[in-house]
Amino acid sequence: AASIGDRHRDSSNRIRLGLWVRSLELMRGRPLCGVGPGQARIPAAELRWGGSVPGEVWTEMHNIYLQVGVEKGLIGLGLFLWFLAALGRVLWRAQERDPTLAGVFWGFVALLLAGLTESWFNDSEVVMNLFFAAGTAWRAAERSCPRRGLATAATWACIERSATNGQASTPPSTTPG
């Protein structure tokens with residue numbers, strides 16, 4: 001663990017730190033919308049501390065937050081962080097009501113922490129965990145709302161209220177009159 005911050009002893013650390021520095025530079029160059037999905041490319045020659053095979057081109061930033069920022073800009077990064085925060089909030093409330101969901105919440109937290117050193121969007125087995133957490137959060141929040149169908153504004157409003165205060169709430173009637 002002591003070698004994690006030591007870019008001199010471990011080439012993977014030199015590569016990762018170089019990717020992160022270059023990612024921030026790329027974000028500064030196209031801050032609002034980024035370079036585009038799947039368009040992030042960092043040649044080995046641009047890595048500040050080396051460690052990479054000459055001629056290699058890196059397409060993953062080894063940090064999910066930097067990956068989103070580089071590809072989708074600050075707008076996309078803001079939306080991504082908002083989504084993760086909303087999902088985390090719903091999972092937190094759900095596990096407070098049902099302790100059996102604590103594992104889902106803490107698994108989600110582990111996924112967020114793993115994102116600090118890995119770009120997991122291209123790892124289907126990891127992304128599946130995010131989908132599982134999102135589905136679990138949705139179902140847990142939906143349980144506290146009357147069944148009106150997923151597409152109704154009242155159901156969405158109820159789920160949002162449930163997520164923000166942890167209380168079961170009844171949405172306003174959607175019937176005309």
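Residue indices begin at 1 and follow the sequence shown. Predicted, not measured: the structure shown is a model, and the values here were computed from it.
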| said: Has N63 got a side-chain atom pairing as donor or acceptor with L116's backbone, closer than 3.5 angstrom? | reply: yes
| Salt bridge present between E25 and R28 (N-O < 4.0 angstrom) | no
| field | Sidechain-backbone polar pair: W20 side chain, M61 backbone, donor-acceptor under 3.5 Å | value | yes
| field | Separation of L84 CG from L79 CG (nearest 0.5 Å) | value | 11.0 Å
| field | Atom pair CG/CH2 of L87 and W82 - distance to nearest 0.5 Å | value | 10.5 Å
| When hydrophobic residues are tied together by side-chain contacts of less than 4.5 Å, even through go-betweens, does L113 share a cluster with V127? | yes
| Hey, is the main chain of R41 close enough, under 3.5 Å, to the side chain of T59 for a donor-acceptor pair? | no
| Taking C-beta and beyond as the side chain, do L66 and M27 meet within less than 4.5 Å on heavy atoms? | yes
| task | With rounding to the nearest 0.5 Å, note down the distance linking CD1 in I15 to CD1 in I42. | result | 11.5 Å
| task | Indicate yes or no for a side-chain donor-acceptor contact from Y65 to the backbone of F80 under 3.5 Å, with no hydrogens or angles considered. | result | no
Tell me which donor-acceptor pairs under 3.5 Å the side chains of residues 68-78 have, and how far apart each pair is, sequence neighbours excluded?
| from | atom 1 | to | atom 2 | distance (Å) |
| --- | --- | --- | --- | --- |
| E71 | OE2 | G38 | N | 3.4 |
| E71 | OE2 | Q67 | NE2 | 2.8 |

| said: Would you say that L91 contacts L101 through its side chain, given a criterion of any heavy-atom pair below 4.5 Å between the two side chains? | reply: no
| message | Does anything in residues 98-119 form a ring pair (Phe, Tyr, Trp, His ring centres under 6.0 Å)? List the pairs, not counting sequence neighbours. | response | W92-F105
| field | Which atom of Q39 lies closest to which atom of V35, heavy atoms considered | value | CB-O, 3.4 Å
